[in-house]
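Just below is one structure, and these are the notes that go with it.
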Amino acid sequence: MPPFTIVAGQAAPLLQANMDTDVIIRIERLTAPDQTRLGDYAFEMLRFLPDGSENGTFVLNQPRFREAPILLAGANFGCGSSREGAVTALAGRGIKVVIAPSFGDIFHANCFQNGLLPIRLDTATIAALAAEVEVCDMPMTVDLSEQTITTPCGRTIAFDIERRRREALLLGLDDIGQTLRLREAIGAWQAADRIKRPWIWKGALGPSD
Amino acid sequence: MAKTLLDKIWDDHVVADLGDGWDLMHVDRHLLHDLSGALAFDEMAARGLPVASPELCFATVDHAISTMPGRTARTFERGARLYDRMKAGVTKAGIRLFDAGTGGQGIVHVMAPELGLVLPGMVLICADSHTCTNGGLGALAFGVGTLECVHALATQTLRLQRPGTMRVTLEGQLARGVSPKDVILHVIARLGVAAGVGKAVEFDGPAVATMEMEGRLTICNLAVELGARSGLIAPDDVTFAYLAGRPFAPTGEAFDRAVVQWRGLASDADAHFDRSVSIDVGQVQPTITWGTSPEQAIGVNEPVPDPASGIDARARADMCAALDYMGLEPGRPLAGRKVDRVFIGSCANSRLSDLREAAAIVRGRRKATNVAAWVVPGSVAVKSAAEAEGLDRVFREAGFEWREPGCSMCVAANGELVAPGERCVSTSNRNFVGRQGPGARTHLASPAMAAAAAIAGAIADVRTI
Ligand code: SF4
């Protein structure tokens with residue numbers, strides 16, 4: 001995973017609550033042979049009208065926000081399905097930061113696995129950011145190492161993030177590599193568990209169907 | 001210190017304390033399916049990683065397999081590609097696959113409890129958000145993303161932070177014509193779809209204590225629609241009776257020893273929950289969703305709410321968008337609204353008790369001519385058991401299609417979808433925009449309500465059929 005640095009650019013307001021992962025990426029796109037172009041299909045049900053033409057009123061179709069790397073979102077963003085394609089589709093569109101009052105739990109975890117930064121801010125602060133996007137023309141800047149956002153009108157606000165999550169993003173750390181170093185502890189735990197709960201371990205040797 | 005069910009399972013599974021509130025947790029069961037399995041094995045191969053504990057992993061095929069009578073895993077072409085990649089992965093790793101055409105196949109959250117693969121006190125994961133279903137057996141079960149799935153395949157562990165705790169106590173008893181599905185839709189409507197974010201939700205109370213296992217699985221299935229990654233119900237005699245004799249459950253003396261451990265899992269009487277709510281389910285009506293979020297649910301005879309009642313401008317705009325998508329006006333009940341499709345299936349409601357509940361309404365009647373009605377059993381075992389009771393004939397004689405097990409129209413990943421603008425009463429768990437196909441209008445309801453809609457040709461109060 002490439003390390004996360006400073007992100008600066010437009011922040012697109014998409015404040016509808018409960019924006020679910022089915023809307024972020026349709027299931028058909030996840031069964032298609034080519035999974036490298038998911039970004040083309042992010043929010044497709046909102047970006048396009050039933051006749052296939054672009055919906056000009058949708059925020060990410062507006063010239064100013066087409067390339068926006070930051071999304072200002074509503075509560076419970078990314079609720080629903082566990083599909084990691086929702087995160088890769090956003091990343092494929094160039095979105096690097098999503099700011100919302102709350103996130104679906106699995107989506108939130110998936111973001112960190114893919115180098116996308118989810119920031120929790122309260123609804124009023126996000127509404128104020130969205131209002132600034134309308135009146136000030138400067139880009140928004142998100143600085144992860146400083147944990148600050150510089151708003152389009154030039155204010156600086158702080159955000160919280162867990163120390164470990166922050167470090168992993170800044171350094172581009174790989175969870176699996178780190179856990180594999182704990183192989184011995186895992187083996188010891190499993191050996192003890194085979195005695196304590198033998199029924200868990202029938203496993204592949206269990207009855208045939 | 002007094003502990004909750006969650007705490008007890010959690011503490012039992014910590015392999016290492018990683019600091020800052022993070023634990024390395026052992027995964028006792030890792031369930032895989034065609035959709036996520038293919039992606040996970042591709043990633044494992046790309047990283048050159050072997051599977052650490054294949055004996056704790058089990059796979060089936062459900063999401064992208066056709067449910068057409070006479071289907072194989074290759075009938076739906078896109079699904080065939082995913083199936084091949086998943087099958088190659090499990091074969092190479094030595095993971096047990098409950099394959100299409102064999103007895104154990106089914107929707108992952110239906111076949112796993114049925115086989116006894118899910119046992120109380122386990123930590124169980126699957127790259128699917130409805131993994132929470134399995135919490136009905138007293139396991140800590142939750143959905144993960146693809147890369148977490150890869151982490152678990154490679155190490156049989158996950159790096160996790162303990163979630164918060166929430167207790168939902170269901171008081172009273174269900175009225176006639178009201179099922180666990182109505183109860184959980186009512187709970188979600190009351191508490192909202194974000195009530196459980198960051199929490200594991202434990203359901204308890206008199207209505208849970210007297211509920212059969214399949215109903216408990218339905219309740220926990222929709223915990224994720226409350227925003228919770230896990231739903232939990234403490235194991236009790238109902239649980240143990242359900243598990244006895246299941247193929248992968250322990251037997252004889254080992255079973256008795258296990259039960260002793262399992263009995264100790266229930267939350268201590270004085271355990272602390274971050275939030276506790278109590279809901280009287282005696283008043284719950286047959287419930288159905290009107291909008292595009294599971295919280296947008298009402299009693300079948302209640303009027304569709306007016307957006308003017310929204311608490312703020314944002315809520316009013318969201319309600320207007322939902323009404324517009326669903327082609328509804330506020331102020332009138334849903335009963336009487338014509339429907340085009342009825343789907344009885346999905347991991348929420350495709351078990352034997354669900355099919356019995358629907359068949360009881362259908363028996364001796366015909367579906368309305370304007371409705372296409374499908375029954376998709378959740379697993380091969382459910383299908384065979386239903387056929388042994390003659391339920392397939394009840395449905396067929398009423399003009400329903402009787403199909404092969406899989407996710408089907410719940411998520412439309414296998415090409416089986418609701419056409420744009422069509423109205424569908426569905427026993428599944430998500431009514432999101434486009435969930436059952438682009439432009440599809442989904443009303444979530446119980447199996448009995450879905451059956452009633454098929455007979456009436458319109459949304460109907462099952463108690464009047
Ligand atoms: S039936 Fe629906 S909700 Fe359940 S696992 Fe399949 S797609 Fe997911």
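A, B, ... follow the sequence lines: proteins, then strands. Residue 1 opens every chain. Worth knowing before you read on, the calculation uses all heavy atoms, side chains too, and leaves out hydrogens, waters and symmetry mates.
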If you count every heavy atom of other residues, nucleotides or ligands that lies below 6.0 Å from [X] atom [atom1], does the total exceed 12?
X       : atom1 : result
R183(A) : CZ    : no
D312(B) : CG    : yes
Q147(A) : CD    : yes
E184(A) : CD    : no

With the threshold set at 4.0 Å, does a side-chain nitrogen-carboxylate oxygen contact exist between [X] and [Y]?
X      : Y       : answer
D28(B) : R197(A) : yes
R26(A) : E28(A)  : yes
D84(B) : R81(B)  : no

So for [X], is it side chain, backbone, both, or neither that comes closer than 4.5 Å to the heavy atoms of chain B?
X       : result
F107(A) : neither
P198(A) : side chain
N18(A)  : side chain
I176(A) : both

Mind ranking [options] by heavy-atom pairs under 4.5 Å with chain B and telling me who comes out on top?
options                          : value
G74(A), A188(A), S82(A)          : S82(A)
A17(A), G80(A), A75(A)           : G80(A)
N76(A), L15(A), D20(A)           : D20(A)
R194(A), E44(A), R83(A)          : R194(A)
S81(A), C79(A), A86(A)           : S81(A)
I186(A), L30(A), D193(A), V23(A) : I186(A)

_Can you give me the closest heavy-atom contact between A40(B) and L153(B), atom names plus distance?_
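So the minimum-distance heavy-atom pair works out to CB-CD1, 4.0 Å.
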At a heavy-atom distance under 4.5 Å, which candidate from [options] has the highest pair count against chain A?
options                           : answer
L18(B), N429(B), V14(B)           : L18(B)
A413(B), S53(B), G79(B), P420(B)  : A413(B)
H63(B), K199(B), M122(B), Q161(B) : Q161(B)
E225(B), Q156(B), R257(B)         : R257(B)
A64(B), G19(B), G227(B), A52(B)   : G19(B)
H26(B), E148(B), H13(B), R435(B)  : H26(B)

*Say whether, by atom type as modelled, one donor and one acceptor occur between the side chain of R29(A) and the main chain of L38(A) under 3.5 angstrom.*
no
_Donor-acceptor pair, distance only, cut-off 3.5 Å: does the side chain of Y325(B) make one with the backbone of G434(B)?_
yes
Does any heavy atom of chain A fall under 4.5 Å from the side chain of [X], the backbone, both, or neither of them?
X       : result
V144(B) : backbone
R314(B) : side chain
T155(B) : both
S36(B)  : neither
L147(B) : both
H130(B) : neither
R159(B) : side chain
A194(B) : both
D12(B)  : both
A249(B) : backbone

*Decide whether a cation-pi geometry holds between R165(A) and F112(A); the criteria are a distance under 6.0 Å from NZ or CZ to the six-membered ring centre and an angle within 45° of the ring axis.*
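Here R165(A) passes the 6.0 Å and 45° test against F112(A).
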Does the side chain of [X] pick up a donor-acceptor pair with the side chain of [Y] at under 3.5 Å?
X       : Y       : answer
H108(A) : N110(A) : no
D122(A) : T125(A) : yes
Q105(B) : T60(B)  : no

*Would you call the rings of F58(A) and F43(A) parallel, tilted or perpendicular if under 30° counts as parallel and over 60° as perpendicular?*
tilted
